[in-house]
Chemist: 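My questions all concern the structure below.
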Amino acid sequence: MGAMLRCANFFKDGQWDIEMMNTEEYNINWNRFLIPYQQAVDELYLKFTSLKTQYIAIGEYSPIQNVTARVKNPDSILEKAKKNGYPLDQLDLMIKDIAGVRIVTQFEEDINLIYGLIKLRTDMKIVTIKDYLSNPKQSGYKSIHLIVEYEVNTVNGPEPILCEIQIRTLAMDFWSTIEHSLNYKYKDAMPQSIKQRLVSAAESITEIDSEMGKIRDEITEAQRLFRQKSQTVNRIIELMNRLSSYGRKALVRKYYKIFTEMRETDNTIQLLLLQKELEKEIKQLSNNQ
């Protein structure tokens, strides 16, 4: 809060004193203010990416495709404060998306699944929810926005931080990135023709997500088989390297030839059998030492 109280000195008579805001003292205090927000997004990013890793490790489909996180920079925070008329000594209360996490899914139904997982967590509390999935914005934007309260442990003790979590599909994320770029370019003066094209594109995105949802089982099964094959191939390469370390170069050449032929035929079952055979060879060599 100390940085925010100091910021109040930079807003006088309805004007922003840019020269004062650029002083070294100002920047140091601002950075100090943002430390717990950065800590919050770092921890939340780690927790959600770890959740994705856990799903994959146990061989289950992960509703989380990817996770990104960011902390608003001072310019963005001050621009939002100016636009909405927020008092500069209350930015930590008025601006609830200084810390932001975005969770991207493959399928639309995964959005509510992730929302349900967040509701069950004890390390964060949902404060507000904006359901743009059921009620898209006029622009066509679809997503679910959660404001959660997340506690970080700082040198000054526990500190609750408000963080925005956005959940949307890959297709929605693509559309939103384009819209954001256009909004940045045109500010509040985007041509009506472009707005109409964006709405039309958003409708197409909805149709794509709907169609992908209809073949979800086929897609996830194909992805499961691909992951299984990839893991098996990596394991075989690891085992052949271990076999080589035992000095069995002729045996390695034999298995490498078999391995190459199997990869060309794309036979996952045969690759699994080769993996088992190599594991047996390694175990025997290990027992004989």
Chemist: Check the orientation of Tyr132 and His145. Use parallel for under 30°, tilted for 30 to 60°, and perpendicular for over 60°.
Modeler: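 It falls in the perpendicular class, over 60°.
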Chemist: What heavy-atom pair brings Val41 and Gln38 nearest, and what distance separates the two atoms?
Modeler: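 In this case the closest contact between Val41 and Gln38 is CG2-O, 3.2 Å.
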Chemist: Does Ile35 belong to the same Ile/Leu/Val/Met/Phe/Trp/Tyr cluster as Val152, with side-chain heavy atoms less than 4.5 Å apart forming each link?
Modeler: no
Chemist: Checking Ser210 side chain against Thr206 main chain: does a donor-acceptor pair fall under 3.5 Å?
Modeler: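 Such a contact is absent between Ser210 side chain and Thr206 backbone.
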Chemist: Are the side chains of Arg102 and Arg168 in touch, meaning some heavy atoms are under 4.5 Å apart?
Modeler: yes
Chemist: Taking all non-hydrogen atoms of both residues, which atom of Ile114 and which atom of Pro63 are closest, and how far apart?
Modeler: CD1-O, 3.6 Å
Chemist: Just by modelled atom types, is the Thr169 backbone N or O under 3.5 Å from a matching donor or acceptor in the Glu108 side chain?
Modeler: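 No.
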Chemist: If I take atom NZ from residue Lys214 and atom CZ from residue Phe107, how far apart are they, to the nearest 0.5 angstrom?
Modeler: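 Between atom NZ of Lys214 and atom CZ of Phe107 there are 14.0 Å.
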Chemist: If every non-hydrogen atom of Leu243 is compared with every non-hydrogen atom of Ile282, which pair is closest and at what distance?
Modeler: N-CD1, 3.6 Å
Chemist: Less than 4.0 angstrom from a charged side-chain N to a carboxylate O is my criterion; do Arg216 and Asp110 meet it?
Modeler: yes
Chemist: Please check this pair: side chain of Thr232 against backbone of Gln228, looking for a donor-acceptor N/O pair closer than 3.5 Å.
Modeler: yes
Chemist: Indicate the atoms forming the closest heavy-atom contact of Arg227 with Glu60, along with that distance.
Modeler: NH2-O, 4.2 Å
Chemist: When you look at CD of Gln192, are more than 12 heavy atoms from neighbouring residues, nucleotides or ligands closer to it than 6.0 Å?
Modeler: yes
Chemist: Under 4.0 Å between a Lys/Arg side-chain N and an Asp/Glu carboxylate O for Lys142 and Asp209?
Modeler: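 Judged by the 4.0 Å cut-off on N to carboxylate O distance, Lys142 and Asp209 do not form a salt bridge.
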Chemist: Tell me, yes or no, whether the heavy-atom count around Arg197 atom CZ, taken from other residues, nucleotides or ligands under 6.0 Å, exceeds 12.
Modeler: no
Chemist: If the threshold is 4.0 Å, N to carboxylate O, is there a salt bridge linking Lys280 and Glu277?
Modeler: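 Salt bridge between Lys280 and Glu277, a charged N being under 4.0 Å from a carboxylate O: no.
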Chemist: Quick check: closest heavy atoms across Asp131 and Ser134, and the distance to 0.1 Å?
Modeler: OD2-OG, 2.8 Å
Chemist: What's the spacing between Leu278 CG and Leu273 CG if we round to 0.5 Å?
Modeler: 11.5 Å
Chemist: Do the side chain of Thr177 and the main chain of Asp173 share a donor and acceptor less than 3.5 angstrom apart?
Modeler: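 A pair under 3.5 Å: yes.
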Chemist: Which heavy atom of Gly157 sits nearest to which heavy atom of Thr154, and what is that distance?
Modeler: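 Shortest heavy-atom separation between Gly157 and Thr154 comes out as O-OG1, 2.7 Å.
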Chemist: Please check if any side-chain donor atom of Glu281 sits under 3.5 Å from a side-chain acceptor atom of Tyr246, or the reverse.
Modeler: no
Chemist: Going hydrophobic residue to hydrophobic residue with side-chain gaps under 4.5 angstrom, can you get from Val67 over to Leu170?
Modeler: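 In one cluster with Val67: Leu170, no.
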Chemist: Report the C-alpha separation of Leu162 and Leu93 in whole Å, then their side-chain angles, then the decisive distance to 0.1 Å, and conclude whether the side chain to side chain contact (heavy atoms under 4.5 Å, CB included) test is met.
Modeler: CA-CA 8 Å; Leu162 292 177; Leu93 299 175; 5.8 Å; no
Chemist: Does the Asp97 side chain pair with the main chain of Gly100, one donor and one acceptor, at a distance under 3.5 Å?
Modeler: no
Chemist: State whether the side chain of Arg70 and the backbone N or O of Ile98 hold a donor-acceptor pair below 3.5 Å, judged by distance alone.
Modeler: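 Yes; judged by distance alone, with no hydrogens or angles, the pair exists.
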Chemist: Are any non-hydrogen side-chain atoms of Leu225 and Lys229 less than 4.5 angstrom apart?
Modeler: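 With C-beta onward as the side chain, the pair stays apart.
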Chemist: With a 6.0 Å cut-off (strictly less than), is the heavy-atom count around OH of Tyr61, excluding the residue itself, greater than 12?
Modeler: yes
Chemist: Run the side chain to side chain contact (heavy atoms under 4.5 Å, CB included) test on Tyr45 and Val101 for me, step by step, so that the C-alpha distance in whole Å, both residues' side-chain angles and the decisive distance to 0.1 Å come before the verdict.
Modeler: CA-CA 7 Å; Tyr45 173 82; Val101 173; 5.7 Å; no
Chemist: Let me confirm one number: the CD1-CD1 distance from Ile95 to Ile77, rounded to the nearest 0.5 Å.
Modeler: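 Atom-to-atom, Ile95:CD1 and Ile77:CD1 are 6.0 Å apart.
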Chemist: In terms of hydrophobic clusters joined by side-chain contacts under 4.5 Å, are Val104 and Val148 together?
Modeler: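 No, separate clusters.
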Chemist: If you round to the nearest 0.5 Å, how far is CH2 of Trp175 from CG of Leu198?
Modeler: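 The distance works out to 5.5 Å.
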Chemist: Please examine the side chains of Leu113 and Thr105, heavy atoms only from C-beta on, and report whether any two atoms are closer than 4.5 Å.
Modeler: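 A side-chain contact is absent here, since even the closest heavy-atom pair is not under 4.5 Å.
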Chemist: Go through the steps to decide whether Ile237 and Phe259 satisfy the test side chain to side chain contact (heavy atoms under 4.5 Å, CB included), and finish with yes or no.
Modeler: CA-CA 9 Å; Ile237 292 172; Phe259 172 60; 4.2 Å; yes
Chemist: For Tyr55, is the OH atom crowded, meaning more than 12 foreign heavy atoms sit under 6.0 Å from it?
Modeler: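 Enclosed.
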Chemist: Taking the side chain as every heavy atom from C-beta outward, state whether Thr220 and Arg224 have any pair of such atoms under 4.5 Å apart.
Modeler: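 Not in contact.
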Chemist: Answer yes or no on whether Lys52 is positioned over the face of Phe48, meaning its NZ or CZ is under 6.0 Å from the six-membered ring centre and within 45° of the axis.
Modeler: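 The answer is no, since Lys52 fails at least one limit relative to Phe48.
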Chemist: Could you grab the distance from atom OH of Tyr86 to atom CG of Asp92, nearest 0.5 Å is fine?
Modeler: 13.0 Å
Chemist: Do you see a donor-acceptor pair shorter than 3.5 Å between the side chains of Glu179 and Ser139?
Modeler: yes
Chemist: Answer whether the closest heavy-atom distance between the side chains of Ile236 and Met262 falls below 4.5 Å.
Modeler: no
Chemist: To the nearest 0.5 Å, tell me how far Gln270 CD sits from Arg263 CZ.
Modeler: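 One finds 15.5 Å between CD of Gln270 and CZ of Arg263.
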Chemist: Could you tell me whether the side chain of Glu279 reaches within less than 4.5 Å of the side chain of Lys283, counting heavy atoms only?
Modeler: no
Chemist: Quick one: are Lys195 and Gln138 in side-chain contact, heavy atoms under 4.5 Å?
Modeler: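 Side-chain contact under 4.5 Å: no.
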Chemist: Cluster question for you: counting only ILVMFWY and a side-chain heavy-atom cut-off of under 4.5 Å, with indirect links fine, are Leu46 and Leu44 together?
Modeler: no
Chemist: How about Ile58: does its CD1 atom have over 12 heavy atoms from other parts shown lying under 6.0 Å from it?
Modeler: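 Buried by this count: over 12 neighbours within 6.0 Å.
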Chemist: Are Leu91 and Ile147 linked, directly or through intermediate hydrophobic residues, by side-chain heavy-atom contacts shorter than 4.5 Å (ILVMFWY only)?
Modeler: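 As far as the 4.5 Å side-chain criterion goes, Leu91 and Ile147 are not connected within one cluster.
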Chemist: Before you tell me yes or no, could you show the steps for Lys47 and Asp123 under side chain to side chain contact (heavy atoms under 4.5 Å, CB included), namely the whole-Å CA-CA distance, both residues' side-chain angles and the distance that decides it to 0.1 Å?
Modeler: CA-CA 10 Å; Lys47 288 183 177 184; Asp123 55 348; 2.9 Å; yes
Chemist: Taking 4.0 angstrom as the limit, do Glu79 and Lys82 come out as a salt bridge?
Modeler: no
